[in-house]
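Okay, so here's the structure we're looking at.
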Number of protein chains: 2
Amino acid sequence: MTPPEPRPRDRGIPEATVARLPVYLRALQALDDRGILTVSSEHLAETTGVNSAKLRKDLSHLGSYGTRGVGYEVEYLIYQISRELGLTQDWSVAIVGVGNLGRALANYGGFGTRGFRIAALLDADTAVLGDTVAGLPVGHIDTLEDVVRKEKVSIGVIATPAAAAQEVCDRFVEAGVTSVLNFAPVVLNVPPGVDVRKVDLSIELQILAFHEQRKADGYAGLDPFGKGPA
Amino acid sequence: MTPPEPRPRDRGIPEATVARLPVYLRALQALDDRGILTVSSEHLAETTGVNSAKLRKDLSHLGSYGTRGVGYEVEYLIYQISRELGLTQDWSVAIVGVGNLGRALANYGGFGTRGFRIAALLDADTAVLGDTVAGLPVGHIDTLEDVVRKEKVSIGVIATPAAAAQEVCDRFVEAGVTSVLNFAPVVLNVPPGVDVRKVDLSIELQILAFHEQRKADGYAGLDPFGKGPA
DNA sequence: ACGCCCTTGTGAACACGCGCACAAAGTGGG
DNA sequence: CCCACTTTGTGCGCGTGTTCACAAGGGCGT
Ligand SMILES: NC(=O)c1ccc[n+]([C@@H]2O[C@H](COP(=O)([O-])OP(=O)(O)OC[C@H]3O[C@@H](n4cnc5c(N)ncnc54)[C@H](O)[C@@H]3O)[C@@H](O)[C@H]2O)c1
Ligand SMILES: NC(=O)c1ccc[n+]([C@@H]2O[C@H](COP(=O)([O-])OP(=O)(O)OC[C@H]3O[C@@H](n4cnc5c(N)ncnc54)[C@H](O)[C@@H]3O)[C@@H](O)[C@H]2O)c1
C-alpha cells in the first residue's frame, strides 16, 4: 500500500552481495522496460546467472520486499537496490589519463545513465590539453585539486600509464577522494578508509589462459578442431 | 570412494590463487628488471599487497620453490608462474566490436608482452570494415568462424553493444572458442566447459558508490582512522 | 470460507579462503 | 662445528559465502 518509510537498514551487507546488486538492478530494469510488474526469485536468478536461494538471501539484506506466492515488485525492488547502492544521488567522476582507454571511457555513454557524471578529464601531456573529448575539455593535471574541490569529485578514475598511477592516486587521496578506480597495472598504496578497485585486463587474460591450458592438458577430446594454443 | 585423481601432480590450484599469480608475476618481473636475484615472501607480499603467509601458501601450490632462510629465486619463480599460467605458449585473441573500447584494446601495447597475440579485429558495421587499427585490418563479423579456425583463436573478446554480445558469444562457442572475455554489460549464457570472465565498469562504479555512501552516512566521525574497507 | 499451490525467507550444513603462529630448514658468523 | 638468525611451509581455527531444504506466508480459484 503506502510505501514504507526509508528506514535505517541493517548496514551489514556482505561484500559479495553488494557486488551482485548491480547485476540484479540491470536485469530488473530490463524487465521494467518490458512492462513486467513482478518477478520471482527463480526467474530473476536465472537471468542473472545466480542461485535463487542466494538471490533471495541477498535481497533479504535490504529488508523483506517480496510477497510469498507472488514474487518481487519490479519497480519497488529497483528503487530499493538503487537506494542501497547510493544511486539515488549523483556522483562526480574525474578521469586522469586521456589516452586510448581514457577516451573510450569518456565516450562511453553508459556512465551518465546511472548517476555518474564525468566532471573532468585531466592529462599531463600538453599535446592533448585543450582537446575536447566527449564534449569536455581536457584539463591539466595540476588543476586536479581545484577540480576535485569545485566539482565535488568523489570517485577518481586512473587511466594513466603504470608509472604515473601511484602519484595520481596520491594526489586524489590528498585532495580528499576516497574512492578510486584503477586501470593501470600496478598495486596502489592507499591509507585506510580509501577504497580502490582495479580493472586489470591483463590479469583477466592470464586467468583465462590458465584454464585454457588446463582444458588442453590431456583433455583434447573436448577440442573439436584440435586447435591448441597458436 | 577413490576421488577422481588420475594425475600424480596436484592440479587443484585454488581459483583465488590463480587470480593472484599474475600479480606476483608482474612484481617479480619488476624485480628482475632491477637485477634483483632473490626475494622473500615478506617483501614480495608487501609490494603486491597481500599477506605473506597467503603468498607462501599460493606459491606452495606450484611446488616448493623457495629456500628457507633466503627466499625465492626471482627468475625461477617467474618461470614457474609463467608455466603454470600457460604463458610459455602464445595465445591468439580475437576482438569483436571495434568501437571506442575495441580500439583502445587493440591499441593497448600490454597485450603482446605476455604472450597474447591479437589475431583479428571484427565488426559488423560497414563503416569501419577495412579500417586499419593498430596495424590490423578490421574484418567482417561473418568471417569469425574462418578466423577462429585459421588463426587458432582460443580467447574471444567481446566489445560490442550489449544487445549483440550473446549472439557473438554463441558464434565464438560454436566455432570452438572456450574462453571469452566480455566487456558488454550482460550475463552471457554458455555451455559447460566454456569460461567467461566479465569486465564491467558500471558495476565497479556502483560498488564504489555504495561504500562512498556508507562513508558519508553518519559514521564519518565515529571512525577517525577509517577502519573501513581499503 | 477454504484449501491448494506457489514463492519467500531462513536455519543449518558445507565449502572455501584467510591469517596466525610455529616447527623445520637453511644461512652465515664466530 | 656450533649457534643465532632468517625465512619457508603448513596445521589449525575462524569467518565468509554458498547451497539445500523446508516451514511459514500469501494469493487465488472454487
Ligand atoms: N588501452 C587499453 O585497452 C588498456 C587495457 C588494459 C590496461 N590499460 C592500462 O590503462 C592505462 C592507460 O592505457 P592507454 O592505452 O590509455 O595508455 P595511453 O598511453 O594511450 O594513455 C595514457 C595517458 O596518460 C597520460 N599521462 C601520462 N602520465 C600522466 C600523469 N602523470 N598525469 C596525468 N596524465 C598522464 C598520457 O599523456 C596519456 O594521454 C595504462 O596503465 C594501461 O596499462 C589499458
Ligand atoms: N567504452 C567504454 O569505456 C566502455 C566501458 C564499459 C563498458 N563498455 C561496453 O563495451 C561495449 C563496447 O563499448 P564501446 O564504447 O566500444 O561501444 P561502441 O558503440 O563504440 O562500439 C561497439 C562496436 O561494436 C560493433 N558491433 C555492433 N553490433 C555488432 C555485431 N553484431 N557484431 C560485431 N560487431 C558489432 C559496432 O559496429 C561498433 O563498432 C559496450 O557493450 C559497452 O557497454 C564500454
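A, B, ... follow the sequence lines: proteins, then strands. Residue 1 opens every chain.
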### Message
Once salt bridge (charged side-chain N to carboxylate O under 4.0 Å, His left out) is applied, what residue pairs with a partner in residues 53-78 of chain B remain, sequence neighbours excluded?
### Response
B:R20-B:D58

### Task
Round to the nearest Å and state the distance from A:L55 atom CG to D:dC20 atom P.
14 Å

### Query
With no hydrogens and no angle check, is any side-chain donor or acceptor of A:E84 less than 3.5 Å from a backbone partner on A:V18?
no

### Task
Mind checking the CD1-CD1 spacing from A:I203 to A:I207? Nearest 0.5 Å is all I need.
6.5 Å

When you compare the protein's N or O atoms with those of nucleotides 12-16 of chain D, which come within less than 3.5 Å of each other, and at what distance?
unit_1: D:dC12; atom_1: N4; unit_2: B:K57; atom_2: NZ; d: 3.4

### Message
Going by the rule ring pair (Phe, Tyr, Trp, His ring centres under 6.0 Å), which residues pair with B:Y76 if we only count those two or more places apart in sequence or in a different chain?
### Response
B:Y65

### Spacing between A:R56 atom CZ and D:dT18 atom C1', to the nearest angstrom
13 Å

### Task
Specify the residues of residues 17-51 of chain B, ordered by number, for which at least one heavy atom lies under 4.0 angstrom from an atom of DNA chain C.
B:R20, B:N51

### Span of DNA chain C in contact with chain A (heavy atoms, under 4.0 Å)
C:dC6 to C:dA12

#### Entry: Nucleotide nearest B:R68 when distance is taken to its side chain, options D:dT7, D:dG25, D:dT10
D:dT7

### Query
So, are B:K215 and B:E212 salt-bridged, with charged N and O less than 4.0 Å apart?
yes

#### Entry: Distance, nearest 0.5 Å, that separates CD1 of A:I95 from CD1 of A:I118
4.0 Å

## Note on the structure
Of A:G69 and A:A53, the one whose closest nucleotide on DNA chain D sits nearer the 5' end is A:A53

### Query
Under 3.5 Å, side chain of B:K152 to main-chain N/O of B:S92, donor-acceptor pair present?
no

### Task
Walk me through it: do B:Q166 and B:D170 pass the test side-chain hydrogen bond (donor to acceptor under 3.5 Å, both in side chains)?
CA-CA 6 Å; B:Q166 182 64 58; B:D170 291 344; 2.8 Å; yes

### Query
Knowing that exactly one of A:L31, A:I36, A:T48 qualifies, which makes a side chain to side chain contact (heavy atoms under 4.5 Å, CB included) with A:H43?
A:L31

### Query
How would you list all residue pairs meeting side chain to side chain donor-acceptor pair (under 3.5 Å) that involve residues 196-208 of chain A, not counting sequence neighbours?
A:R197-B:E204, A:D200-B:R26, A:S202-A:Q206, A:E204-B:R197

### Task
Check whether any side-chain N or O of B:Y72 sits under 4.0 Å from OP1 or OP2 of D:dG9, and answer yes or no.
yes

### Query
Do B:W91 and A:L208 come within less than 4.5 Å of each other through their side chains, counting heavy atoms only?
no

